[in-house]
Amino acid sequence: MTRPVARRAKPVPLRTHWVVLTMLLVCLSSMLVLHGYTHHMFGTEPDGAVTAEGPDGAVPRKVVDGGPVIDARPADVRSVRPAARTIALTFDDGPDPVWTPKVLDLLKAQRVKATFFVVGTEVAAHPELARRIVAEGHQIGVHTFTHANLSTAAGWRRSLELRQSQLILAGATGLSTPLLRPPYSSEANALTDADWTSIEAARQAGYLTVLSTQDSEDWRRPGTAKVIANSMPRGTAGQVLLMHDAGGDRSETIAALAKLIPTLKAREFKFATVSDAVGLPQPVHKASLVERGRGLAAIWALRISDSVLTLLTWFLYAAGGLSVLRALTTVVAARRHARQRDWSWGDPVTEPVSVIVPAYNESAGIEAAIRSLVASDHPIEVIVVDDGSTDGTADIVEAMRIPGVRVIRQPNAGKPVALNTGLQAAHFDLIVMVDGDTVFEPDAVRMLVQPFADPSVGAVSGNAKVGNRRGLLGRWQHIEYVVGFNLDRRLFDLAECMPTVPGAIGGFRRTALERIGGLSDVTLAEDTDLTMALCRDGWRVVYEERAVAWTEAPASLGALWRQRYRWCYGTLQAMWKHRGAWAQRGQAGKLGRRGLTYLLLFQVLLPLLAPVVDVFAIYGLLFLDPLRVGLVWLGFLALQFAMGRYAFHLDGERAGPLWTLPLQQFVYRQLMYLVVIQSVFTALAGSRLRWQRMERYGSLHAPARTEGFP
């Protein structure tokens with residue numbers, strides 16, 4: 001058997017990845033805030049449905065008794081009325097892709113000009129309709145950006161509503177207009193002090209406020225006859241008539257106009273735009289190139305935000321679907337797997353086993369690991385391969401002077417080389433590989449090797465459990481091992497597509513290892529790479545849950561990050577290396593089409609999509625119904641809890657740690673997302689990570705069961 005040559009890995013620059021990720025997050029947040037503001041922070045009630053209330057003492061008398069077009073200059077407040085027998089048709093809330101064209105067609109047929117007060121977000125969605133309004137000689141005004149109530153809006157929002165609506169109009173039509181129809185406004189004599197304050201603020205921004213003198217009340221949809229009756233002028237006084245070309249079904253408005261216009265023409269009324277009706281010079285003028293450019297940018301920003309939310313919505317459905325699918329798949333498979341606990345592989349395996357312990361600076365836990373192994377109830381030899389340790393690991397083992405325990409020293413070359421060294425020195429045909437921080441149950445080795453009674457079995461995965469689970473971080477990892485890793489292993493065992501035999505506890509047939517040339521160091525997940533190579537060579541890899549070993553989990557977020565980053569990146573490397581299994585047959589094909597597909601969907605794609613759930617939760621709390629959003633989030637949590645409760649039951653674990661699941665959603669889960677995202681970035685960049693060793697604390701002791709572990 002040839003020994004792989006150790007390769008020197010170059011350090012990976014990570015800062016560029018984080019800059020890219022940060023920029024993506026900032027852009028995504030901006031798009032969501034923009035979408036939330038434009039779609040969920042505006043008034044949804046029709047204009048006439050909101051009645052102004054409050055004191056009106058500050059409203060000038062000349063305005064209350066005056067006309068509908070108001071110039072609120074501080075020095076000289078003025079208002080004007082339409083000329084006698086003149087009707088200024090005004091349409092609010094558009095443009096609408098269904099009803100605005102029908103209104104325009106009717107006006108064109110009747111040769112009537114009108115004034116359209118448009119909502120900025122609707123203009124951004126349908127700029128071609130705004131251009132048609134202008135092209136056909138109608139006047140255009142603004143109805144705010146999101147149909148906001150300017151009388152109750154804060155100063156910053158009032159300014160934003162006017163400025164953005166003007167920019168959008170400039171980008172869509174190339175025009176700028178000073179005409180403003182405040183949402184929820186009506187006649188001048190209905191103004192309150194709050195209304196007047198907003199009108200004054202609008203005038204300071206250069207706007208003339210256009211109210212109405214007559215409300216068709218088409219927003220109520222009272223019937224065509226009623227709309228006509230509400231629109232008929234009383235006497236010969238000129239009128240500014242309020243109608244709508246958007247905001248719902250406007251068929252009654254269309255039908256009423258078709259009868260109203262000829263009737264009023266027959267009564268010698270004429271129709272005009274607002275400015276012509278009151279005798280104002282043409283108020284609409286061309287926007288500057290800068291305004292047009294900024295307006296186009298704003299329109300595209302709105303369109304992109306809509307597309308982003310649509311895309312995220314599909315991602316949310318995908319994440320939810322994958323989560324439910326994974327839950328159902330793993331639970332059903334685990335239940336079937338649990339029914340096979342009494343399965344017999346054949347005659348008991350009693351032949352001795354070679355246990356290889358690769359060790360690099362494992363002084364904190366090596367003694368406990370060795371003592372747990374020699375306490376095994378199965379005949380074993382223990383080979384400790386010291387991979388150039390600088391903390392006296394080999395000296396500690398040699399000082400123990402335990403029969404059957406050998407120490408091999410070698411220069412630092414990496415874990416795969418150390419394992420190959422131990423394999424060459426092993427005397428027996430059954431091999432157990434174990435990390436230097438792992439403590440075995442007395443029957444773990446015996447249980448681990450029983451599946452080798454079946455000659456088709458080339459490797460066996462043991463049941464690795466977290467030993468240092470007392471702290472919050474330890475409990476979270478304990479949950480992940482039981483719910484994530486062990487449930488998955490039951491499914492992989494049932495589907496005969498086990499992708500990983502963990503380095504903490506794994507058994508191997510020597511002939512299987514020799515056939516694939518031993519361990520490779522081309523990936524950082526040597527255990528996953530090895531397992532996939534065995535599957536592709538035709539060997540069956542199984543899971544033996546009764547073979548229990550206790551491993552020391554990272555005790556800090558930094559150490560956890562480094563470990564999981566290495567695991568995830570190494571798994572991606574192994575998946576890419578063995579991608580050919582998708583097209584193979586037999587045991588290799590099972591690994592490819594079942595195992596690799598599962599890993600791609602649930603360990604790569606799902607973690608990449610899962611943050612969408614959190615993003616939508618924040619989005620919903622800000623812009624949607626917080627109660628409904630909370631219920632959806634609780635639904636995801638309940639699904640995870642149900643999976644956890646069942647997994648803990650199968651593993652014989654107490655369910656107490658599951659109370660930390662809600663907290664896990666805010667720290668641990670986000671860390672795992674970032675691990676996957678960073679790993680994918682690193683893989684796409686073609687970088688190679690340096691081996692990163694976890695800091696050991698020596699928190700495990702032998703035998704594990706007698707030390708209070710459940």
For [Y], does its backbone N or O pair with a side-chain atom of [X] as donor and acceptor, under 3.5 Å?
X: Arg85; Y: Arg267; result: yes
X: Gln139; Y: Ser275; result: yes
X: Gln214; Y: Asn230; result: yes
X: Arg564; Y: Val675; result: no
X: Arg78; Y: Ala72; result: no
X: Lys265; Y: Phe271; result: no
X: Arg234; Y: Met232; result: yes

Is Glu291 salt-bridged to Arg294, going by a charged N under 4.0 Å from an acidic O?
no
For Arg250, is there an ion pair with Asp245 - N to carboxylate O distance below 4.0 angstrom?
no
Between Tyr184 and His147, is the gap from one ring center to the other below 6.0 Å?
yes
Note: Ser231 and Ser216 closest approach over all heavy atoms is OG-CB, 3.2 Å
Identified side chain to side chain contact (heavy atoms under 4.5 Å, CB included) counterpart of Val142 within the set Leu179, Ile168, Thr177, Val119
Thr177
Salt bridge (charged side-chain N to carboxylate O under 4.0 Å, His left out) between Arg221 and Asp249: does it pass, once the steps are laid out?
CA-CA 8 Å; Arg221 292 196 284 275; Asp249 186 345; 5.6 Å; no
Is any side-chain heavy atom of Arg132 less than 4.5 Å from a side-chain heavy atom of Leu104?
yes
